[in-house]
Amino acid sequence: KAGVTQTPRYLIKTRGQQVTLSCSPISGHRSVSWYQQTPGQGLQFLFEYFSETQRNKGNFPGRFSGRQFSNSRSEMNVSTLELGDSALYLCASSPLVGGFYEQYFGPGTRLTVT
Amino acid sequence: AQSVTQLGSHVSVSEGALVLLRCNYSSSVPPYLFWYVQYPNQGLQLLLKYTSAATLVKGINGFEAEFKKSETSFHLTKPSAHMSDAAEYFCAVAGLYYGGSQGNLIFGKGTKLSVKP
C-alpha cells in the first residue's frame, strides 16, 4: 500500500497570506489527523477528521481549519499567516479498526512564513 | 487525560553499545503506547506499539520496549547501536476515553540519539 502523501513538501509564504496543505491517507484509512511540529513546542495536535467530520480539535486559534472529503483526503488551511506559524505540518492516517489506534505519518509540509 | 514524559532530550552512545531511551506515561484509561522515530527532514515512522497484548513489544530495526504498569514506563531499548540509529525518538500515548479514540496522539518532547563511532 502506498503511504501517506502530503503536498506540497515545502512552502514559503508571506505574513498575512493564507495557505492550504493537502494530505492523502493510506487507502482504507478513514481517520486523518494533523499535527504542527516546531522546535520549541514539539508535536502539537491540530485536529482530527473521521468520515468528513471534525471529531477533535487541539488548542489552536480559529485561523487553523481543515476539512475532509468523501475519499478521506484532507486539507488544512491557515489564514492570515504569522511568523510563528513556520513549522513542519504533519498529516497522519489511522485505520481505527479493531482497537488499533496507531497513526501513520506522511513526510510533512515544511512551511516558512517570512 | 493522558500525558508522556521522556527523560533526557539528548542521549549519546557508542556504536555497539546498549541504547536505552526512557518514557513514562500517565493515563486514566488502559494506555495504548507507541514509539516513533524521525530522521532529519522526514515524517515519523512507527517503531513499535503496545496494545495490551504482551508487555514486551518487539519493533523494527532491532528495537523493543517493555510496558511496566507498576512503574508507568515504556522504555525503548536496543542491544547494539548502529550509526544509522542516530535520529530523534518520540514516545506517544493514544488519546483515549472509555468510548474510544480521540483521534490524536500525545507525544513526549523527543530524545535525540547520537551514535559515536
Side-chain angles (χ1 to χ4, degrees), chain A residues 3-7 9-10 21 23 25-26 29-51 53-60 66 68 72 74 88-110 112, chain B residues 1-6 8-10 23 25 27 29-54 57 59-60 65 67 74 87-112:
Chain A
V4 177
T5 58
Q6 292 187 246
T7 56
R9 291 292 312 278
Y10 301 92
L21 311 181
C23 171
I26 292 171
H29 288 192
R30 294 167 61 192
S31 169
V32 174
S33 299
W34 288 89
Y35 296 84
Q36 181 196 65
Q37 185 178 25
T38 59
Q41 299 299 317
L43 283 151
Q44 293 185 288
F45 171 71
L46 281 157
F47 29 65
E48 187 247 3
Y49 286 86
F50 183 83
S51 293
T53 300
Q54 185 183 92
R55 295 197 305 174
N56 195 10
K57 190 176 190 300
N59 189 25
F60 278 83
Q68 186 181 34
S72 294
S74 177
L88 181 66
Y89 289 89
L90 293 163
C91 167
S93 72
S94 180
L96 288 185
V97 173
F100 292 106
Y101 302 116
E102 70 269 24
Q103 298 187 349
Y104 296 89
F105 286 79
T109 294
R110 173 75 61 183
T112 302
Chain B
Q2 289 86 25
S3 66
V4 167
T5 302
Q6 290 183 243
S9 58
H10 289 87
C23 172
Y25 71 91
S27 180
V29 299
Y32 283 63
L33 295 161
F34 309 90
W35 275 99
Y36 284 85
V37 61
Q38 186 177 35
Y39 298 98
N41 298 314
Q42 293 188 27
L44 301 173
Q45 181 183 11
L46 180 64
L47 273 178
L48 50 80
K49 63 186 179 187
Y50 167 75
T51 56
S52 77
V57 181
I60 62 172
F67 173 74
F74 190 56
E88 190 159 19
Y89 293 79
F90 293 91
C91 182
V93 62
L96 295 174
Y97 57 99
Y98 277 106
S101 170
Q102 292 180 326
N104 63 315
L105 294 174
I106 298 109
F107 287 91
K109 292 293 187 184
T111 298
K112 284 189 178 176

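Keep in mind that this is a model prediction, so the values were computed, not measured. Quick note on labels: first sequence line is chain A, next is B, and so on, each numbered from 1.
- When heavy atoms are compared at a cutoff of 4.5 Å, L44(B) approaches chain A by way of both its backbone and its side chain.
- Counting heavy atoms from C-beta outward, R110(A) and N41(B) have side chains that approach closer than 4.5 Å.
- Heavy atoms closer than 4.5 Å to chain A are found nowhere in Q45(B), neither backbone nor side chain.
- For Q6(A), no part sits under 4.5 Å from any heavy atom of chain B, backbone or side chain.
- The number of heavy-atom neighbours closer than 6.0 Å to NZ of K57(A), taken from other residues, nucleotides and ligands shown, is above 12.
- Rounded to the nearest 0.5 Å, atoms OG1 (T51(B)) and CD (E102(A)) are 8.0 Å apart.
- The part of L88(A) that comes within reach of chain B is its side chain, from C-beta onward, which places non-hydrogen atoms under 4.5 angstrom from that chain.
- Side chain of Y35(A) to backbone of N104(B): no donor-acceptor contact under 3.5 angstrom is found.
- Side-chain contact between L105(B) and F45(A) is absent, with no heavy-atom pair separated by less than 4.5 Å.
- One distance of note links CD of Q44(A) with CZ of F107(B); it measures 12.0 Å at 0.5 Å rounding.
- Atoms CD and CD, on Q37(A) and E88(B) in that order, are 7.0 Å from each other to the nearest 0.5 Å.
- Ring centroids of F105(A) and Y36(B) are separated by less than 6.0 Å, placing the two rings close together.
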